[in-house]
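Okay, so here's the structure we're looking at.
Here is how names work: the chains are called A, B, and so on, in the same order as the sequence lines, proteins then strands, and each is numbered from 1. Side chains included, hydrogens not; waters and symmetry mates left out as well; all remaining heavy atoms used.
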There are 2 protein chains.
Amino acid sequence: MSTLRARQKEDRRKRIVSSAKALFKEKGYEKTTIENIAEATGVSGVTVHNYYGTKAGVLLALVVENDEALIARLNESLPTEDIDLVELVVSFAHVIMDHAITHLDKEIWRQVIAAVTTEAGTRLSEAYFRLDQQLAYVLVNRIEAAQAAGAIPAKVDPVHLGKALFHLQNARFVQFISSDAMSREEIETRLRNDMSALFSVCLG
Amino acid sequence: MSTLRARQKEDRRKRIVSSAKALFKEKGYEKTTIENIAEATGVSGVTVHNYYGTKAGVLLALVVENDEALIARLNESLPTEDIDLVELVVSFAHVIMDHAITHLDKEIWRQVIAAVTTEAGTRLSEAYFRLDQQLAYVLVNRIEAAQAAGAIPAKVDPVHLGKALFHLQNARFVQFISSDAMSREEIETRLRNDMSALFSVCLG
DNA sequence: CAAAAATTTTTATTCAATAAAAAAATTTAT
DNA sequence: ATAAATTTTTTTATTGAATAAAAATTTTTG
């Protein structure tokens with residue numbers, strides 16, 4: 001039995017995030033105040049704080065919501081056969097960057113990264129990390145498939161490789177959003193260079 | 001001829017950063033107010049803002065100062081001969097993590113990372129990135145040396161490899177400071193796993 | 001030494017964040 | 001169905017970061 005209170009709470013949550021998303025898009029992150037979000041939602045400013053703790057908390061909730069769709073999109077758009085490892089990671093990065101800029105602009109993504117690190121250990125940053133984990137495993141799964149198909153040596157640990165490549169991709173993603181002038185093309189080139197260099201080392 | 005004004009300015013700058021460092025250590029970052037720093041320095045709160053823009057700006061100035069010493073330390077403590085690539089990067093990471101926690105605690109490093117991303121494009125974040133660049137080149141130089149010694153194949157591009165490995169190391173560093181419970185040992189293990197997996201791929 | 005220029009301080013305002021008390025709504029028990 | 005108990009929201013108030021503009025002070029220059 002879902003009580004009236006539980007339903008009201010869920011409803012308010014949704015409305016707060018939805019108002020926030022609209023306002024962030026319209027006025028940018030810095031310029032929208034908690035009070036703006038509260039007013040647009042029809043609650044008091046303190047209620048927004050009660051629900052999400054901080055303005056960044058509202059933003060993280062919004063991002064986590066969007067990213068569920070990202071994982072689905074990655075799973076369907078990434079190739080499963082004839083996988084070249086470098087191209088796999090570049091496509092992965094491409095989809096992520098495309099998803100990012102169609103939903104929010106770079107200025108806001110910078111706030112997201114900042115919030116995730118300062119709010120380490122809170123409920124919302126945990127949710128964000130779980131999503132990162134899931135993203136990494138999209139890569140891991142494709143690597144396992146490529147290995148099964150014989151495109152990658154059997155001695156390679158797909159979990160470690162997937163995570164390492166995810167971190168690398170993520171570092172380049174942060175670089176992408178850190179400057180408005182940085183293009184996806186440039187980032188993709190850098191990612192290719194990273195991997196070419198790494199894969200040419202060939203230890204034991 | 002350095003004018004009196006220039007000298008006073010330089011002096012105030014130093015005193016502000018020095019007071020801030022002491023206060024951050026004593027009370028933590030969140031608990032020290034700009035007003036505290038101003039009072040300890042003997043200037044007004046607005047002056048601190050005039051000098052560094054934000055509280056995070058003061059923190060970045062402090063970090064940049066410390067990191068000059070880090071580069072020197074890395075250059076002397078890292079091996080130049082008989083270099084194993086994996087061990088080189090692990091030592092590199094080890095020195096950086098050690099340096100980090102002896103100077104400031106993890107909570108404060110989280111603020112540093114956050115500040116660098118939100119304040120992208122400002123004078124101080126630029127200075128931080130230049131230092132990151134220099135750090136990456138410490139690695140590049142050692143790789144070049146290892147290559148000259150024949151420990152790494154000639155086809156490897158040392159600049160791309162150095163930067164890629166620096167990014168990887170940096171991602172793990174962020175993971176290190178993101179949780180108080182995360183140990184250096186654990187991070188070093190992960191870094192080894194990352195590299196083992198990457199170096200076992202061996203593309204054409 | 002006085003006028004000009006630069007810098008700091010004072011003063012004031014907005015907004016995030018937090019806490020505590022008051023008010024309003026829902027739930028539960030009768 | 002209603003009154004008491006509980007939960008939730010709102011009101012009210014406070015602290016501190018950030019910013020802006022005017023006033024005061026100090027240094028520089030002629």
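The residue A:Arg12 sits close only to the backbone: its heavy atoms come under 4.0 Å of sugar-phosphate atoms, none of a base. Nucleic acid contact class of B:Tyr51 (heavy atoms, under 4.0 Å, all strands): sugar-phosphate only. Within the nucleic acid shown, A:Gly45 has no heavy atom closer than 4.0 Å to any nucleic acid atom.
Of all nucleotides listed (C:dT10, D:dT8, D:dT9), D:dT8 comes nearest to the side chain of A:Lys9. In the set C:dA16, C:dT8, D:dA18, the nucleotide with an atom closest to the side chain of B:Ile34 is D:dA18. For B:Lys55, counting side-chain heavy atoms from C-beta on, the closest listed nucleotide (D:dT8, D:dA18, D:dT28) is D:dA18. Taking every side-chain heavy atom of A:Arg5 into account, C:dT27 is the closest of C:dA17, C:dT27, C:dA6. Between D:dA18, C:dT7, D:dT10, one nucleotide has an atom nearer to the side chain of A:Thr47 than all others, and that is D:dT10.
Neither OP1 nor OP2 of C:dA25 sits under 4.0 Å from any side-chain N or O of A:Gln8.
The residue among A:Thr33 and A:Val46 whose nearest nucleotide of DNA chain C lies closer to the 5′ end is A:Thr33. Nearest-nucleotide assignment on DNA chain D puts the 5′-proximal partner with B:Ala56, out of B:Arg7 and B:Ala56.
Taking atom CG of residue A:Asp11 and atom P of nucleotide D:dT9, one finds them 12 Å apart after rounding to whole Å. With rounding to whole Å, A:Glu30 atom CD is found 11 Å from C:dC15 atom C1'. Computed from coordinates, the B:Glu35 CD to C:dT8 C1' distance equals 14 Å when rounded to whole Å. Counting to the nearest Å, the P atom of D:dT15 and the NZ atom of B:Lys27 are 14 Å from each other. In this structure, A:Glu39 atom CD and D:dT10 atom P are separated by 13 Å, rounded to whole Å. Atom CD of B:Gln111 and atom P of D:dA17 are 12 Å apart (whole Å). In this structure, A:Asn36 atom CG and C:dA16 atom C1' are separated by 13 Å, rounded to whole Å. Rounded to whole Å, atom C1' of C:dC15 lies 9 Å from atom NE2 of A:His49.
B:Asn66 is listed as a side-chain neighbour of B:Lys21, based on a closest heavy-atom distance under 4.5 Å.
The pair A:Asp194-A:Arg190 fails the salt-bridge criterion, with no side-chain N (NZ, NE, NH1 or NH2) lying under 4.0 Å from an Asp/Glu carboxylate O. Ion pairing between A:Glu87 and A:Arg192 holds under the 4.0 Å rule for side-chain N and carboxylate O.
In this pair, A:Phe173 and A:Trp109 present their aromatic rings perpendicular. The plane angle is above 60°, beyond the 30 to 60° band. Between A:Phe166 and A:Phe92, the ring planes are perpendicular. Angles over 60° get that label, and only those under 30° would be called parallel.
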